[in-house]
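What follows is a short report on a single structure.
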Amino acid sequence: MTRKLIAGNWKMNGGLAANESLVKAMLEGLASPACGIALCAPAPYLAQLQALLKGSPIDWGSQDVSAHEQGAYTGEVSAAMLRDFGCRYAIVGHSERRQYHGETDELVAAKAQRALALGVTPIVCVGETLQQREAGETEQVVKRQLAAVIHTVGHCISEIVVAYEPVWAIGTGKTATPEQAQQVHAVLRAQLAAATTNPKRVHILYGGSMNAANAASLLAQPDIDGGLIGGASLKAPDFLQIIAACA
Ligand code: PGA
């Protein structure tokens, strides 16, 4: 793994004016980043990001993608449409989609496959709930979630990005300790190693209350290749500090 990847997940936040000032502040504060950077915005703002970020070191992506190619799927956004707007990434299987929209492992895998087919890199989220962690099921849960994607995309697995996001750490201010996170990342890396000859090529991001204060210790772990950042990606100084922690 050469460069880490820091991806912001704005979730359902923002607006034309707020996005513009946030992105401008980020671009102004960005010296020469030592990592890859991406911002994942709500679909209506992808054109705005394309315009604001063109020629900058920051890539952009969506927070979801349809598993279907095209047609009668009201409200959905296809991978081809994302491609049209220059999207490099699409988050798939975020726990909020799994929880509030009933997305199954199979659907998440189909979305990842569709994104890959159009040259959009899926950021596949996996992670256990607090109840599952307390029941000692963490490994089993994340392995099942990743296995569905491996099964569906086959040898293309080395083209994905994985994000380990313990559900209990998302938006709660409760972060996994670097050791807890590393332990799960090592499990995921071993699973990838059994599926591809190039497991180190796959970025495994940590997500869940990563912030300016805890980023460096998480990113120092051998199998933590970057972060998927929610709340802290809405504040330019915090996001810039996380980027700086990659140096
Ligand atoms: P958080 O969100 O950084 O606000 O915890 C992370 C995510 O849900 O991707």
Side-chain angles (χ1 to χ4, degrees), residues 4-14 18-19 22 26 35-43 45-46 49 58-65 87-103 108 111-112 115 120-130 132-133 138 141-142 145-146 149 160-178 180-181 184-185 188 203-219 221 224-246:
K4 295 197 190 284
L5 171 64
I6 300 296
N9 172 12
W10 286 356
K11 309 196 179 187
M12 201 172 73
N13 294 293
N19 299 346
L22 178 60
M26 284 178 182
C35 59
I37 308 167
L39 294 174
C40 297
Y45 299 126
L46 292 174
L49 282 194
I58 305 184
D59 290 307
W60 56 98
S62 69
Q63 299 172 8
D64 187 27
V65 63
C87 278
R88 167 104 188 254
Y89 297 101
I91 297 174
V92 300
H94 190 280
S95 64
E96 288 150 17
R97 304 277 329 161
R98 293 179 189 262
Q99 189 182 345
Y100 307 136
H101 300 271
E103 293 196 3
V108 172
K111 289 181 169 194
V120 176
T121 300
I123 300 178
V124 177
C125 301
V126 300
E128 81 290 0
T129 63
L130 184 59
Q132 289 165 333
R133 171 161 285 266
T138 299
V141 169
V142 299
Q145 291 171 331
L146 182 58
V149 181
I160 75 166
V161 170
V162 176
Y164 168 55
E165 298 207 313
V167 179
W168 48 271
I170 295 176
T172 56
K174 250 188 176 177
T175 320
T177 64
Q180 278 175 325
V184 178
H185 281 233
L188 295 169
H203 283 84
I204 308 179
L205 313 182
Y206 169 79
S209 301
M210 194 191 261
N211 57 38
N214 61 29
S217 57
L218 286 159
L219 293 167
Q221 298 301 310
I224 300 187
D225 308 316
L228 182 56
I229 321 296
S233 72
L234 297 170
K235 296 176 213 138
D238 296 48
F239 195 61
L240 289 167
Q241 277 190 60
I242 295 172
I243 290 165
C246 290

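Whatever order the structure lists ligands and atoms in, that order sets their numbers, starting from 1. For this chain, numbers begin at 1 and follow the sequence in order.
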Take the angle between the ring planes of His185 and Tyr206 and call it parallel below 30°, perpendicular above 60°, tilted in between. tilted
Locate the shortest heavy-atom distance separating Arg133 from Val184; write the atom from each residue and the value. NH2-CG2, 4.0 Å
Check each atom of ligand 1 against the heavy atoms of [X] and keep those under 4.0 Å away; list them by number with element.
{"X": "Gly208", "answer": "5 (O)"}
{"X": "His94", "answer": "7 (C), 8 (O), 9 (O)"}
{"X": "Lys11", "answer": "2 (O), 7 (C), 8 (O)"}
{"X": "Leu228", "answer": "6 (C), 9 (O)"}
{"X": "Gly231", "answer": "1 (P), 3 (O), 4 (O)"}

Show, in sequence, the C-alpha distance, side-chain angles and deciding distance for Leu219 and Met210, and conclude whether the side chain to side chain contact (heavy atoms under 4.5 Å, CB included) test is met. CA-CA 10 Å; Leu219 293 167; Met210 194 191 261; 4.2 Å; yes
Judged by atom type as modelled, is there a donor-acceptor pair below 3.5 Å linking the side chain of Asn9 to the main-chain atoms of Gly230? no
For the backbone of Ile91 and the side chain of Tyr89, can you confirm whether one donor and one acceptor N or O come within less than 3.5 Å of each other? no
Looking at residues at least two apart in the chain, or sitting in another chain, which of them share a side chain to side chain donor-acceptor pair (under 3.5 Å) with Trp168? Glu128
Is [X] close enough to touch ligand 1? Criterion: a residue heavy atom under 4.0 Å from a ligand atom.
{"X": "Ala232", "result": "no"}
{"X": "Gly171", "result": "yes"}
{"X": "Ala169", "result": "yes"}

Using only heavy-atom distances, determine whether the side chains of Gln63 and His94 contain a donor-acceptor pair under 3.5 Å. no
Quick one: nearest non-hydrogen protein atom to atom 7 (C) of ligand 1, plus distance? Glu165 OE2, 3.2 Å
Indicate yes or no: does an N/O atom of Gly230 lie under 3.5 Å from an N/O atom of ligand 1? yes
Return yes or no for this condition: an N or O of Thr172 is under 3.5 Å from an N or O of ligand 1. no
Thr138/Tyr164 under side chain to side chain contact (heavy atoms under 4.5 Å, CB included): CA gap, chis, key distance, verdict: CA-CA 11 Å; Thr138 299; Tyr164 168 55; 4.1 Å; yes
Answer side chain, backbone, both or neither: which part of Asn9 comes under 4.0 Å from ligand 1, heavy atoms only. side chain
